[in-house]
Amino acid sequence: MSDKKDDKAIGKKSIEEMLRMLAMGQSLSEPEQKQMADYKFWKTQPVARLDEKVDQEGEINVGKTPADVPAEPLPLLADFEWVTMDLTDAAETKQVYELLYGHYVEDQDATFRFAYSAEFFDWALKPPGWRRDWHVGVRVKASGKLVAFISAVPATLSVRDTEMKAVEINFLCIHKKLRAKRLAPVLIREITRRVNRQNIWQALYTVGKVLPSPVTTCRYYHRPLNWPNLLDVGFSVLPQGKTKAQMVAKYTIGLETKTPGWRTAIKKDIPQMKELFDRYQSRLELVQHFTEEELEHMLIDPHDTEKVVHCYVSETEGRITDFVSFYLLPFSVLDNATHEKLGVAYLFYYASEAGLDKPRFDPAGTKALADRLKLLVGDCLVVCKGLGVDVFNAVSSQDNALFLQDLKFGGGDGFLNFYLFNYKAFPIAGGIDEKTKEADVVKRSAVGVVML
Ligand SMILES: CCCCCCCCCCCCCC(=O)SCCNC(=O)CCNC(=O)[C@H](O)C(C)(C)COP(=O)(O)OP(=O)(O)OC[C@H]1O[C@@H](n2cnc3c(N)ncnc32)[C@H](O)[C@@H]1OP(=O)(O)O
């Protein structure tokens with residue numbers, strides 16, 4: 001069981017702070033949000049207004065066609081120019097990497113940086129159907145330096161029973177020296193234009209900040225795997241009244257996986273995995289649909305070593321009854337004598353037959369699923385420990401509330417807000433209790449999509 005006192009006592013640079021940074025989120029203690037009128041950009045966009053009580057789900061602006069959308073990019077200040085980044089080119093990929101490495105997300109002391117890689121971008125930014133012109137950059141004309149970036153990837157989404165062709169927006173980043181100059185709205189308008197030109201009018205994005213208006217909010221959870229390393233790099237401190245040995249013992253992970261028929265997923269599993277995944281996801285309200293090709297891209301990493309995504313199945317007599325996956329995005333640790341990297345894993349997509357033959361909230365079905373998820377995610381922890389991962393993260397989406405506490409995940413104070421562009425939707429359960437912000441084991445989450 002997660003010991004709340006221990007979790008509170010974690011660090012001067014606490015795991016909570018680290019996770020807020022990962023989520024780019026904000027803590028509960030931060031000041032009240034702006035009023036709608038203060039969102040000078042967002043109040044002009046087709047998004048639900050803050051505190052709007054949605055009485056009907058659906059598109060906000062309807063009836064536009066690509067012909068209504070300007071063919072040329074928006075004007076930029078004279079010193080800058082739009083560029084389409086070529087992420088098939090190693091040098092251009094490196095420029096995106098360097099912009100994000102230096103300017104994407106940082107903790108207060110700038111001690112930790114996301115250690116992106118070309119492989120990570122191949123995976124995250126080039127799924128089937130990706131478009132080069134959706135990798136948008138801004139360069140300084142004189143020097144050619146890349147100073148801003150935003151990306152879109154195609155996604156077929158469903159909000160409850162409505163399926164829509166959409167994009168997911170990610171990696172919005174502006175060089176620190178160009179912050180607070182209203183460049184972000186220009187980037188957002190430009191990616192909107194480029195997406196609209198393809199006759200796509202909806203988008204999904206996650207932001208730690210509160211903007212008008214989240215359709216749901218999930219909470220970050222973390223599970224230390226190598227507590228001494230987290231202590232060394234300053235993520236953790238020894239809680240009062242505890243010994244190091246007690247902390248290590250608390251977070252001990254076994255050496256062997258326990259799921260029957262556990263093995264690495266391979267390409268030929270995809271048809272069965274897709275069928276199972278579709279059944280599992282059909283019980284949730286905000287989901288992404290994957291074709292077999294897309295599922296393969298997202299779950300089967302073609303590399304033999306240094307994989308970004310790891311996926312395992314449980315197979316019994318040739319039948320796949322479950323799969324579970326996680327991806328790795330380590331941190332570079334700056335200014336630390338003993339550690340250069342910190343291994344960070346994130347729970348990704350999974351599906352299980354357990355309880356699937358019963359309604360989602362049937363007690364016996366819930367128990368079967370909870371037991372199975374503890375086994376599957378518990379085995380991910382075993383694998384991650386073997387891979388040298390120091391902390392394993394999950395948000396409160398999917399059915400995660402069913403295993404978080406038993407597997408000793410601690411609640412972070414980072415929250416992840418999900419937004420839909422040009423679509424109003426009734427609120428969707430994010431897996432946390434509205435008042436206490438603790439994982440809601442009873443209602444769980446209806447969010448099935450996992451954003452990178
Ligand atoms: C159909 C297709 C549609 C496609 C588009 C769908 C929408 C996609 C939306 C994007 C999804 C991105 C998903 C991700 O990648 S979330 C990750 C965002 N990136 C980071 O946090 C990295 C570090 N930070 C930065 O690089 C900058 O601070 C950014 C670029 C975030 C803002 O730059 P800057 O700090 O220099 O600000 P400004 O003066 O230019 O502009 C200020 C205006 O921008 C609004 N703002 C600030 N941060 C965000 C934010 N994260 N999402 C949306 N809006 C944001 C802000 O409320 C204000 O508007 P308003 O308050 O006056 O109204």
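Everything numeric here is computed off the predicted structure, so don't read it as measured data. We use all heavy atoms of the structure for the numbers below, so side chains are in, but hydrogens, waters and symmetry mates are not. Order of listing sets the numbers, starting from 1, for every ligand and every atom in it.
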Query - R219 NZ/CZ over Y221 ring centroid, <6.0 Å and within 45° of normal - result: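 Judged by the rule, R219 and Y221 form a cation-pi pair.
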
Report task. Mark yes or no: R113 above the aromatic ring of Y101, with NZ or CZ under 6.0 Å from the six-membered ring centre and no more than 45 degrees from the axis. Result ->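 So R113 does make the cation-pi contact.
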
Heavy atom under 4.0 Å from ligand 1: found in [X]'s side chain, backbone, both, or neither?
{"X": "H103", "answer": "backbone"}
{"X": "Q202", "answer": "backbone"}
{"X": "V195", "answer": "side chain"}
{"X": "Y205", "answer": "side chain"}
{"X": "Y419", "answer": "neither"}
{"X": "F421", "answer": "side chain"}

Taking only heavy atoms of [X] into account, list the atoms of ligand 1 that are under 4.0 Å away from them.
{"X": "K209", "answer": "47 (C), 48 (N)"}
{"X": "C173", "answer": "26 (O)"}
{"X": "A203", "answer": "2 (C), 3 (C), 4 (C), 6 (C)"}

What do you reckon, does [X] have a nitrogen or oxygen under 3.5 Å from a nitrogen or oxygen of ligand 1?
{"X": "W42", "answer": "yes"}
{"X": "A180", "answer": "yes"}
{"X": "F41", "answer": "yes"}
{"X": "V207", "answer": "no"}
{"X": "I174", "answer": "yes"}
{"X": "T192", "answer": "no"}
{"X": "L211", "answer": "no"}
{"X": "I200", "answer": "no"}
{"X": "L183", "answer": "yes"}
{"X": "N196", "answer": "no"}

Report task. Step through the shown structure and confirm whether more than 12 heavy atoms of other residues, nucleotides or ligands are within 6.0 Å of NZ on K94. Result ->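 No, the 6.0 Å shell around NZ holds no more than 12 heavy atoms from other groups.
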
Query - Heavy atoms from other residues, nucleotides or ligands near NZ of K141 exceed 12 (cutoff 6.0 Å) - result: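 Yes, NZ of K141 has more than 12 neighbouring heavy atoms, counting only those of other groups under 6.0 Å.
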
Query raised in the report: Which pairs pass ring pair (Phe, Tyr, Trp, His ring centres under 6.0 Å) with one or both residues in residues 420-447, sequence neighbours excluded?
Result: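 For residues 420-447, and leaving out neighbouring residues, there are no ring pair (Phe, Tyr, Trp, His ring centres under 6.0 Å) pairs at all.
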
Requested in this report: Could you tell me how the ring of F114 sits relative to the ring of Y116: parallel (under 30°), tilted (30 to 60°) or perpendicular (over 60°)?
Outcome: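 If you compare the ring of F114 with that of Y116, the planes turn out tilted.
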
Would you tell me whether [X] and [Y] have side-chain atoms, one donor and one acceptor, within less than 3.5 Å of each other?
{"X": "R194", "Y": "T84", "value": "yes"}
{"X": "D390", "Y": "N229", "value": "yes"}
{"X": "H310", "Y": "D301", "value": "no"}
{"X": "N400", "Y": "Y350", "value": "yes"}

Query - Pick from K165, R194, K40: the one approaching atom 60 (P) of ligand 1 most closely through a non-hydrogen atom - result: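 Residue with the shortest heavy-atom distance to the ligand atom: K40.
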
Query raised in the report: Nearest heavy atom to atom 58 (C) of ligand 1: which of K176, M451, R182 does it belong to?
Result: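 That would be R182.
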
Query raised in the report: Salt bridge between K374 and D406, side-chain N to carboxylate O under 4.0 Å?
Result: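 A salt bridge links K374 with D406.
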
Query raised in the report: Would T206 count as a contact of ligand 1 if the rule is a heavy atom under 4.0 Å away?
Result: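 Yes, that is the case, since the closest heavy atom of the residue is under 4.0 Å from the ligand.
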
Query raised in the report: What's the verdict on salt bridge (Lys or Arg N to Asp or Glu O under 4.0 Å) for D399 and R444, showing C-alpha distance, side-chain angles and the deciding distance?
Result: CA-CA 6 Å; D399 282 303; R444 292 174 252 163; 2.8 Å; yes

Requested in this report: Just grab all the salt bridge (charged side-chain N to carboxylate O under 4.0 Å, His left out) pairs involving residues 415-434, residues at least two apart or on different chains.
Outcome: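 Pairs touching residues 415-434 that pass the test: E52-K424.
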
